[in-house]
K.L.:
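One structure, as structure tokens, below. Some questions next.
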Amino acid sequence: MIGNSSFKVGIYIRLSRDDGNIESDSIVSQRSLLNQYVKENNYKIVEEYVDDGFTGTNFERPAFKRMIKDIELGKINMIITKDMSRLGRDYIGTGELIEKYFPNKNVRYIAINDGIDTFIDNTNNDIAPFKAIMNDMYAKDISKKVKTSLHSRMKDGLYVSGRCPFGYMKDPNNKNHLVINKEQAETVRLIFDLALKGNTYHFIAQELTKRKIKTPASYYNYVWNTKCINTNCISQEYGVWVDTTIKAILTNQIYAGDTVQGKTKKINYKLKKTIKNNPKDYIIVEDTHEAIIDRDTFDYVQTLLPKNVKRPEKKRFYLLDGLLYCGDCKHRITIRYQNKTGRSYTTCDYYRTYSKYHVCTTHTNNYEVLENVILDNIKDVCKKYLDKNKIKDSIGNIEFQDNTLKIKKQIESLELVNNKLTETLDKNYMNMLKGIINEEQYLRISENLKQEMESNKLNIDNLKDEQTNESKIDKKQIEKYINEFLSLENPTRELIINLVEKIYIYQDKQIDIIFTFKNVT
């Protein structure tokens, strides 16, 4: 029999946050038990491995990984733990270690309280797999209880996330309540002010970076990998603002005073990976803390955001970018710059992406000409609106009824497109059955068609909302915008997006302008 002196012992100690309140599982208690056992059996401890605050449901623990490395190096050949649950609570991983890895590396494993010793043939070793399953079930049960508790606290409006959203900090007197961080809140207000002026995410990001305003990441002391190539580099100290950060701030309801939680969820209790929840499943509790942005301003900014889209390939500024839509298929119209001619032109996004399916047409127009025509039309409508004698004939009344009919036609057009897509889908299915296309080709085509059908359904829902939604801009505010617009030779984008909701361009060159003040009487 191998003598005790031939074993190079590593004692492994683990404590997770879930069982940290159990005195018998404390680091001190485990260390005392293991040292006593080693002393009584005349073993020699070569190394101690401690993972304090790490779950047993996965094996990505620093001390555990160091222990495995030492086994590979031959530094230790015996592992002792208080019980099997300290080694791990994942029954598959724990079973692999005890049944395969340790025997393959000729490592002896002892779990004191469970009576397990892999170098001795006893019944306790035979029931080790069942103990591993019980430990796994315990971890699953704890996970469910923690999740239920968190959801309950979220529904009560308590802030339970670890990190505070930019602009807030935790109340010193109540860790589940948010209070305003004055310095960061000023940046949040600036972002909303810039958005109110019709600026894109990209423009706002560039402006904040230019002004050397610290990013959220800079406050959290993230390490920047940006290499400075000149003495004016600002990324190390202030960070570089990006479009996604601006969008996240402008769309976060928390700045209106509401707690918004439950945006993500873990795939299961064993994995750290999270997935996004459907927005309808978010847990939102209103008026839980002081707002940085008043609710009316926040809501109004949300109506501007779709118009503030910045496409990555754009290097030129266009006054009407984000407002143009295809009148036939209702998808966005893109503005592109042509280097050869030095001119910009429009094209339907839907056609450009799915031209081979013939679901739409190019809708090509010279952008500069188009912009002038649209601005002239806006001016004509604005002048009529201000003519008190013709107010009943203005866009505020008669045109509103016409718009209702137009929206109805747009809905019918989208439904017709979806019917054609359904026919195409059925045709491709028959082509697959006849062997004209293979199954892989059919699945790829059908997936694209189904996505477009879902997109069209969403557009139909939006158009139906457009039929009933009331504009939040009052009559005096509209007249202020109109007067300012008419007084300028070159109107600003801010004024344009406050006056215009959408512009539909049809293949036959017809233009429909949907104004924000269409329902004012």
Side-chain angles (χ1 to χ4, degrees), residues 4 7-98 101-102 105 107-119 124-125 128 131-147 149-150 160 162-163 175 266 269-272:
N4 289 353
F7 287 108
K8 295 172 285 186
V9 177
I11 60 174
Y12 181 73
I13 301 167
R14 183 187 64 79
L15 183 70
S16 74
R17 286 184 288 270
D18 295 334
D19 50 23
N21 60 339
I22 303 174
E23 181 59 31
S24 62
D25 282 335
S26 70
I27 298 296
V28 175
S29 175
Q30 290 182 61
R31 182 181 287 116
S32 176
L33 174 68
L34 295 174
N35 282 326
Q36 183 66 29
Y37 181 86
V38 167
K39 183 178 179 181
E40 289 175 355
N41 289 274
N42 296 318
Y43 294 127
K44 179 183 178 182
I45 296 178
V46 174
E47 191 64 70
E48 176 184 282
Y49 307 92
V50 180
D51 280 318
D52 192 358
F54 290 87
T55 179
T57 55
N58 69 66
F59 296 92
E60 293 299 314
R61 314 170 218 144
F64 177 84
K65 291 165 77 172
R66 184 166 59 88
M67 180 178 74
I68 295 298
K69 183 178 180 180
D70 285 348
I71 290 174
E72 296 291 335
L73 294 173
K75 186 176 179 179
I76 57 174
N77 62 3
M78 183 174 182
I79 305 295
I80 306 176
T81 62
K82 176 198 165 212
D83 53 45
M84 277 181 59
S85 70
R86 298 305 94 197
L87 186 66
R89 289 193 183 278
D90 173 53
Y91 75 94
I92 296 176
T94 305
E96 283 284 330
L97 285 169
I98 296 174
Y101 182 76
F102 289 159
K105 296 297 180 180
V107 172
R108 183 179 183 180
Y109 172 67
I110 293 176
I112 299 172
N113 289 353
D114 292 327
I116 292 172
D117 186 338
T118 57
F119 270 35
N124 287 328
N125 291 345
K131 284 184 177 290
I133 292 174
M134 293 301 293
N135 288 331
D136 197 309
M137 291 178 66
Y138 173 81
K140 187 175 183 179
D141 183 57
I142 287 292
S143 177
K144 283 184 177 179
K145 289 177 179 177
V146 170
K147 185 177 180 180
S149 174
L150 283 174
V160 299
R163 179 178 294 162
K175 66 178 182 179
K266 285 187 176 181
Y269 66 102
K270 294 181 181 180
L271 301 175
K272 290 183 178 181

K.L.:
Testing the basics here: between Met67 and Tyr49, what is the closest heavy-atom pair and its distance to 0.1 Å?
P.N.:
CA-CE2, 3.5 Å
K.L.:
Counting N and O atoms only, with roles assigned by atom type, does the side chain of Asp83 sit under 3.5 Å from a partner on the main chain of Arg86, one being a donor and the other an acceptor?
P.N.:
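Present.
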K.L.:
For residues Asp51 and Phe64, report the shortest heavy-atom separation together with the two atoms involved.
P.N.:
OD2-N, 3.0 Å
K.L.:
Is the closest side-chain heavy-atom distance between Lys65 and Glu60 below 4.5 Å?
P.N.:
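Touching, per the 4.5 Å side-chain cut-off.
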K.L.:
Roughly how far, to the nearest 0.5 Å, is the OH atom of Tyr37 from the CD1 atom of Ile110?
P.N.:
3.5 Å
K.L.:
Roughly how far, to the nearest 0.5 Å, is the OG1 atom of Thr118 from the CE atom of Met78?
P.N.:
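Interatomic distance, Met78 CE to Thr118 OG1, rounded to 0.5 Å: 8.5 Å.
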K.L.:
Applying the side chain to side chain donor-acceptor pair (under 3.5 Å) test to Tyr12, which of Lys82, Glu48, Arg61, Gln30 qualifies?
P.N.:
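Considering Lys82, Glu48, Arg61, Gln30, a side chain to side chain donor-acceptor pair (under 3.5 Å) with Tyr12 is found only for Arg61.
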K.L.:
Using modelled atom types only, decide if a donor and an acceptor are shared between the side chain of Lys75 and the backbone of Gly10 within a distance under 3.5 Å.
P.N.:
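Such a contact is absent between Lys75 side chain and Gly10 backbone.
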K.L.:
For the atom pair NZ (Lys69) and CD1 (Ile76), what is the distance rounded to the nearest 0.5 Å?
P.N.:
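Between atom NZ of Lys69 and atom CD1 of Ile76 there are 13.0 Å.
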K.L.:
Which residue in the set Val50, Ile27, Val28 passes side-chain contact (heavy atoms from CB on, under 4.5 Å) when paired with Leu15?
P.N.:
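Considering Val50, Ile27, Val28, a side-chain contact (heavy atoms from CB on, under 4.5 Å) with Leu15 is found only for Ile27.
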K.L.:
Is the closest basic N to carboxylate O distance between Glu72 and Lys105 below 4.0 Å?
P.N.:
yes
K.L.:
Rounded at 0.5 Å granularity, tell me how far CD1 in Ile80 sits from CG in Asp117.
P.N.:
9.0 Å
K.L.:
Below 4.5 Å, heavy atoms only, C-beta onward: do Ile98 and Leu87 meet side chain to side chain?
P.N.:
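Heavy-atom side-chain distance check passes, below 4.5 Å.
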K.L.:
Below 30° counts as parallel, above 60° as perpendicular, anything between as tilted: where do the rings of Phe7 and Tyr43 land?
P.N.:
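The rings of Phe7 and Tyr43 stand perpendicular, inter-plane angle above 60°.
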K.L.:
May I ask you to decide if Phe54's main-chain N or O and Arg14's side chain share a donor-acceptor pair within less than 3.5 Å?
P.N.:
yes
K.L.:
In Å, rounded to the nearest 0.5 Å, how long is the span from CG of Leu34 to OG1 of Thr81?
P.N.:
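Result: 7.0 Å between the selected atoms.
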K.L.:
Would you sort out whether Leu97 and Ile79 count as a side chain to side chain contact (heavy atoms under 4.5 Å, CB included), showing the intermediate values?
P.N.:
CA-CA 11 Å; Leu97 285 169; Ile79 305 295; over 6 Å; no
K.L.:
Please round to the nearest 0.5 Å and tell me the distance separating atom CD1 of Ile116 and atom CE of Met84.
P.N.:
4.5 Å
